[in-house]
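Contents: one structure, followed by commentary.
Whatever order the structure lists them in is the order used to number ligands and atoms, beginning at 1.
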Amino acid sequence: MGAELAADEGRNAAALAACRTLAEELTEEGSSESRYFVSRLIPAHKDPPYKQEANFHSSKHLTTEQWTKLKSSFVHFDDPSFCEWIRNLKVVPPEKRRSCRRWDLNIDLLGVIEVDDMAGVEQRQNKSGGGKYFFCSGGKKKEVKKETGLGLSFTKDENFGEWYSEVVVNGEMIEYYDISGCYILRPWAISIWEIMQTFFDAEIKKMKVKNCYFPLFVSPGVLQKEKDHIEGFAPEVAWVTKSGESELEVPIAIRPTSETVMYPYYSKWIRGHRDLPLKLNQWCNVVRWEFSNPTPFIRSREFLWQEGHTAFATKEEADTEVLQILELYRCIYEEFLAIPVTKGRKSELETFAGGLYTTSVEAFIPNTGRGIQGATSHCLGQNFAKMFEINFENEKGEKGMVWQNSWAYSTRTIGVMVMVHGDDKGLVLPPKVAALQLIVIPVPYKDADTQGIFDACVATVATLSDAGIRAEADLRDNYSPGWKYSNWEMKGVPLRIEIGPRDLANNQVRAVRRDNGAKTDISRVFLVEQVKGMLDKIQQNLFDVAKQKRDACVEVLKTWEEFVTALGQKKLILAPWCDEEDVEKDVKARTKGDMGAAKSLCTPFEQPELPEGTKCFASGKPAKKWTYWGRSY
Ligand code: 86X
């Protein structure tokens, strides 16, 4: 084992040397950019721990103790040809990326960073004419040390995947965890979840839905009761097989969804028509042991959601509720997250196996050209009622089977929000879901009335908080204003208020929008109404820009050739379709590749006119409807 480790070490050294050479080719030799670039080439600096481990082949020969010891310090690198691979990626050297403007940070290989204080305050200095923006007196530059860098090393347009991973971590939403596909949701993410939860929970309560909680564990018998619906999913079910060192007599499953957990009790609780409708919801976690490319929020092995399960005496009531819930989902996306979505019905192939029909809200990520299912609302019909014997007696004493629905949205919503609105400075949070809507930053400098400025910041926060605006002041004295600007931009706070000596003198504040960088001086007399107006504008603008970008990706087409071309251009395709399952299977087969196959996303409820005689883009048969197609998450 020692020999293997030594060999690994040797390879590490060789690889590191090769990285240095590459970095020198791509950057200015010895520059901070060059050092930073080298550090990026070592996967350990950016890979989550599980990825490092997965690549560390010697690990299987280690004892637990050796492994733990090693894990605390090792930097993995076992492939000296890594540089070749990097070259093939055509990575653009950091200094050549104009959109990442924070290369003025001097980043040390060891992770200690000296921040150039002047970076973020430049623009303002230019405008207000001279002076230095530091807390320390004497006009001397104060060095601020921080363990991690500000700014992002990938741009959204050039490397979307890496940009996303970096933005959720640096924006303090996610921390990687040492189990693949599992992530720590930090307060900054949970607060968004809670705001959506507060809205949705109140809305469903108005619809007389009650909250409940069913157990996390499922016995194998119950899980397999509804075989058809479980069958395809079986490999994703996680099982508990041991307690301590002893095997459990009967292993227990962890819920991937709760139909089989809940419905036996629906059967018990529903007897007569007076027990209907039964409308339950639970806020919980579920586990699906997926194997394809885990992504924070978007595809994680454990996630948070709400699952609603309702039972009615009639199909009409069930149908109505499906659409009411779908409208709430639209509202979460469009009004809260400022993301345009399409309401529609899923194809036969994409319908939940246990259900009658499935509706969804579908979003789109322009950068990757992928559709993403935002939330689903199913009408289950009477399939589960048959399986679980959920029967009732009506007024006339006749036996009937209930009609059921189920519906869910999950923490995936947050991932879609990050992907749609985030930019090269970090997260961009819509005001309606931001834990902090506004950050107040004091901008004192040499000889300024620092106390007066601080007092103005505190008073501004008090005024705004009283008006129901989520505001705080960043009064930390170990960071410069410029550093704070970058930090709160990274975290996506919608509005920044700066208060400097001139603002103090003029009884005004300067507001800077996160979405478009626009700066406005606001008199403190009109503070509340102006800020409210700006937050509304930001919310609206985020939606408008997102919609414009999505709409620009929509391609309406009618032939297979156009379809293939559009797919290659990352388009969201709207095409006339014969609505046959085999044809969709064929589309999938014909578009298979490393990017994933194309599939139908939904048949929008809002249908453009379909002229008589229009043919299906894929089969040439008579088209029945317009349907959205594309690659998807
Ligand atoms: C489908 C269907 C449905 C309640 C919803 O979409 C809304 C809320 N559930 C979920 N589905 C599964 O049934 C499923 C089952 C197993 Cl065993 C699994 F491992 C994964 C699953 N994924 C999705």
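- At least one N or O atom of Arg288 sits closer than 3.5 Å to an N or O atom of ligand 1.
- Remark: ligand 1 and Glu236 share no N or O pair separated by less than 3.5 Å (distance only, no angle test).
- What sits closest to atom 13 (O) of ligand 1 on the protein, heavy atoms only, is His229 NE2, 2.9 Å.
- The protein atom (non-hydrogen) at minimum distance from atom 7 (C) of ligand 1 is Ala408 CB, 3.5 Å.
- The heavy atom nearest to atom 9 (N) of ligand 1, considering only Glu290, Gln373, Glu259, is found in Glu259.
- For the ring-ring contact (aromatic ring centres under 6.0 Å, His included) with Trp577, the lone residue among Trp629, Trp626, Phe617 that qualifies is Trp629.
- Note: Tyr263 and Phe388 have perpendicular aromatic rings, judged against thresholds of 30 and 60 degrees for the angle between ring planes.
- A salt bridge does not link Arg299 to Glu236: none of the charged nitrogens lies less than 4.0 Å from a carboxylate oxygen.
- Every atom of ligand 1 is numbered from 1 in the order shown, and the set under 4.0 Å from a heavy atom of His309 is 4 (C).
- The salt bridge (charged side-chain N to carboxylate O under 4.0 Å, His left out) test with Glu362 is passed by exactly one of Arg370, Lys346, Arg550, Arg330: Lys346.
- Checked against the 6.0 Å centroid criterion, the rings of Phe200 and Tyr409 qualify as a close aromatic pair.
- Remark: ligand 1 and Trp305 share no N or O pair separated by less than 3.5 Å (distance only, no angle test).
- Residue-level proximity to ligand 1 for Phe233 is carried by backbone and side chain together, each with a heavy atom below 4.0 angstrom.
- Interface of Val237 with ligand 1, defined as ligand atoms under 4.0 Å from a residue heavy atom, comprises 17 (Cl), 19 (F).
- Between His378 and ligand 1, an N or O atom pair is found at a separation short of 3.5 Å.
- For the side-chain contact (heavy atoms from CB on, under 4.5 Å) test with Met417, the passing option among Leu427, Val428, Leu429 is Leu429; the others fail.
- Rounded to the nearest 0.5 angstrom, Arg470 CZ and Leu436 CG are separated by 8.5 Å.
- Of the candidates Tyr164, Tyr183, Phe303, Tyr164 is the only one forming a side-chain contact (heavy atoms from CB on, under 4.5 Å) with Phe297.
- In summary, the aromatic rings of Phe160 and Phe154 are positioned with their centroids too far apart to meet the 6.0 Å limit.
- If you number the atoms of ligand 1 from 1 as listed, the ones under 4.0 Å from a heavy atom of Thr376 come out as 6 (O).
- Ligand-side atoms of ligand 1 in range of Pro256: 16 (C), 17 (Cl), 18 (C), 19 (F), 20 (C), range being under 4.0 angstrom from any heavy atom.
- If you check which protein heavy atom lies closest to atom 1 (C) of ligand 1, you get Phe352 CE1, 3.5 Å.
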